[in-house]
Every structure is written in C-alpha cells, then in structure tokens.
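Everything on this sheet refers to the single structure shown next.
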Amino acid sequence: MVSPLYISLCAIFMCHFFTSKAAELPFDTHYTPLWGGDHVSVIDQRTQVQIKIDPKSGGGFRSKQAYGSGFFQMSVKIPSNAKGIATTFYLTSTPDNIQMRESNSNHDELDFEFILNENGRYVLNTNVFAQDSGNREQQFNLWFDPSSQFHNYQIIWNQHQIVFYIDRIPIRVFKNEIAIGARYPSTPMYVHASLWNGSQWLGPVNWRSGPFYANYRGFAIDGCDYSNSNPNKCNSLRYPWNAQNNWQLDPHQQMVYQATKNKYIIYDYCKSDRSSNFPECRVPS
C-alpha cells in the first residue's frame, strides 16, 4: 500500500523531474554480467535481469563503460524475507568489485543497499566513498515494501552535488565541500548491481526459505562516457545533469527532501561519534 505521505510528496515533486528515455532498452546495450554465472539470467526479451542467490553463489552485473558524471537509475524488486542478504545498486570506480576482496581499498562509490533488519523490516543503507573506505552512511526506513513490486532508484552526480532519489523523491544530498577540506567523488565510475551473501555482517541466512531472487529493469543510462583523452568533458554544461538548475535542489525539492529525511532517516554519520572525521558534517544540511 502506498502511504499518503508518498502521494503528497510525489504531488509536490510532480514525479516528472526526470524522464527516462528508452526505459525498455535491452540489458546488453550498456551492461554485462560480472559474476555468478548461471545465477544471472537475462529475461523478458532481454529487458530484465533476475539474480538468484543460494548457498553456492549470488551474482552481479555492471556497465560496460565508466562514466564521469550523469543521471543513473534502476528499477529494482528485491527478494522478500531475505535476512542476511544484501541487494544493491551502486556506482563504483573499481570495475571488478576489488573492494569486495580488499575492503580497505580507497576508491569512489555511491551505494544503494537493501538489508532486512532484526524486526523483519527492510532498511535502505546509502554510503559515499571518496577515494577512501566510505563510512558516510545514512540509513532509512522505507514507506513501502521494496519486495512487493518494482521501485525506481536514482542518483544524479555532477561536480556540485550528488542526490539519491527513490521514485524521484530526493532522500539524500551530498554536496561538494572540497573548499573546506572535505572529499568528493571525482573519478570515473561504473554502474553495478548485485545480490550477495552478507551473513558475516547481517546475520545468518535461512536457506530453507531460498533460493532468493532480485529483479532489475530499466537499463537506460544518461551519463558522460569518461575518456582519458578528455577528462574535463564530463563537467560540460551541455549535459542536462550538469546544468545550473541541478547544482542544488529547488525550493519544492528541498521541502520534499527535508520532509522525507525528517520522517524516515534512522542513522546519519554526521550525527555519530565519528562526525568530526568528516568536514562536510560542519555544514548544515
């Protein structure tokens, strides 16, 4: 059931800030399987990917190209009652998931990660890495069941700000505060998605209820293909996500953002005992 708050926020935000071109673009146009073998299935005339996880393996895929800025989105339906399993959609500068093997490796990354908490409720964990090991987490309760149907998750990334959206509602804003000594993601990143066993951190998986499946669709990418020969082109104002109206939220978006954050955020690294490690936490959000 969609909550009244969602409906009202969607009305304020108009739910048309971004329009997806070629929403049914075939998976193979921009993406390729990365790991998991036959646990990654391309279905529905190649417009949907289903990832299976069982005791043997999970799976993942990534974009063929790295991007230097853009608007990135994916429609995701996560598995139900999958405690101990993480469903993800994210950008990262490590194309082959080196960070999964070397957790202390420094890299850029922007995360959507869905986990089931001890109360049987899905929580969204977001994180930002900026040539470091992250730890800029914000966590949110959700106003819907992400396992009952597809929902859209979006990230806009330019040289001024990063905004995380759910169904085009802004839930997190990370501003470029390098002027005060903060870090900001600036290296080219690939788009990734995965379903993996997180029992080491999230608690044991009840495999008797498995296997578990996550479904992904909406494979269009509005991003600047990164080129070593012309790295500055991805900051060009000719790209709509770099336009001045995307350097900050407008008043309506800001109102929606504050209302959503105030109601649903359950953890903010800037309010933790580690906040002094992050200069951006000194700036009012």
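As a basis for the values below, the full set of heavy atoms in this structure was taken, side chains included, without hydrogen atoms, waters or symmetry mates.
Using bins of under 30°, 30° to 60° and over 60° for the plane-to-plane angle, the ring pair Phe61/Tyr216 lands in the perpendicular bin. Taking the six-membered ring where the residue is Trp, Phe164 and Phe112 present perpendicular rings, their angle passing 60° and hence far from 30°.
The structure places CD1 of Ile166 at 10.5 Å from CG of Asn152, a figure rounded to the nearest 0.5 Å. In this structure, CG in Leu202 is found 8.5 Å from CG in Asn197, a value given to the nearest 0.5 Å. Of the inter-residue distances, the one linking Ser63 atom OG with Tyr190 atom OH reads 7.0 Å to the nearest 0.5 angstrom. Distance CZ/Phe129 to CG/Leu91: 12.5 Å, rounded to 0.5 Å. Once rounded to the nearest 0.5 Å, the distance linking OG1 of Thr94 with CD of Glu109 reads 6.0 Å. Once rounded to the nearest 0.5 Å, the distance linking CD of Gln244 with CH2 of Trp247 reads 4.5 Å.
The two atoms that bring Asp28 and Arg46 nearest to each other are OD1-NE, 2.6 Å, heavy atoms only. Looking at every heavy atom in both residues, Asn135 comes nearest to Tyr269 through O-CB, 3.6 Å. Residues Pro170 and Val163 come closest through the heavy atom pair CB-CG1, 3.9 Å. In plain terms, the two heavy atoms of Asp250 and His252 that are nearest each other are OD1-N, 3.0 Å. Between Leu195 and Pro79, the shortest heavy-atom contact is CD1-CG, 4.0 Å. In terms of heavy atoms, Gly59 sits closest to Val40 at CA-CG2, 3.9 Å.
Residues passing the side chain to side chain contact (heavy atoms under 4.5 Å, CB included) test with Pro146, sequence neighbours excluded: Ile78, Tyr122, Leu142, Phe144, Tyr153. Remark: Asn206 engages Arg208, Ser209 in a side chain to side chain contact (heavy atoms under 4.5 Å, CB included) (not counting sequence neighbours). Residues passing the side-chain hydrogen bond (donor to acceptor under 3.5 Å, both in side chains) test with Lys175 are Gln161, sequence neighbours excluded. With sequence neighbours excluded, the residues that form a side chain to side chain contact (heavy atoms under 4.5 Å, CB included) with Asn176 are Ile178, Tyr184. Evaluation of the salt bridge (charged side-chain N to carboxylate O under 4.0 Å, His left out) rule for Arg274 yields no partner, not counting sequence neighbours. In this view, Arg136 and Asp132, Glu280 satisfy the salt bridge (charged side-chain N to carboxylate O under 4.0 Å, His left out) rule, not counting sequence neighbours.
Using a 3.5 Å distance cut-off with no hydrogens or angles, the side chains of Thr47 and Arg217 do not pair a donor with an acceptor. Side-chain atoms of Trp241 and Ser69 form a donor-acceptor pair, as typed in the model, at a separation below 3.5 Å. Side chain to side chain, Asn125 and Gln139 meet the donor-acceptor criterion of an N or O pair below 3.5 Å. With hydrogens and angles left out, the side-chain atoms of Glu113 and Asn127 include no donor and acceptor closer than 3.5 Å. For Thr126 and Asp111, the side-chain atoms include no donor-acceptor pair closer than 3.5 Å.
Taking 4.0 Å as the cut-off between side-chain N and carboxylate O, Arg62 and Asp96 count as a salt-bridged pair.
For Tyr90 and His192, the gap between ring centers is short of 6.0 Å.
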Derivation of the ring-ring contact (aromatic ring centres under 6.0 Å, His included) call for Phe219 and Tyr31: CA-CA 8 Å; Phe219 299 117; Tyr31 290 95; 5.7 Å; yes
Verdict with reasoning, Phe114 to Ser147, per side-chain contact (heavy atoms from CB on, under 4.5 Å): CA-CA 10 Å; Phe114 299 88; Ser147 68; over 6 Å; no
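The backbone N or O of Arg121 sits nowhere less than 3.5 Å from a side-chain atom of Asn119 that would complete a donor-acceptor pair. Not a single donor-acceptor pair under 3.5 Å links the side chain of Lys233 to the backbone N or O of Gly68. Judged by distance alone, with hydrogens and angles left aside, the side-chain atoms of Asp108 form no donor-acceptor pair with the main-chain N or O of Ser93 at under 3.5 Å. Checked by atom type and distance alone, the side chain of Asp38 never pairs as donor or acceptor with a backbone atom of Ser41 at under 3.5 Å.
More than 12 non-hydrogen atoms from other residues, nucleotides or ligands lie less than 6.0 angstrom from NZ of Lys64.
Residues Asn246 and Asn158 meet the side-chain proximity criterion, which asks for heavy atoms closer than 4.5 Å.
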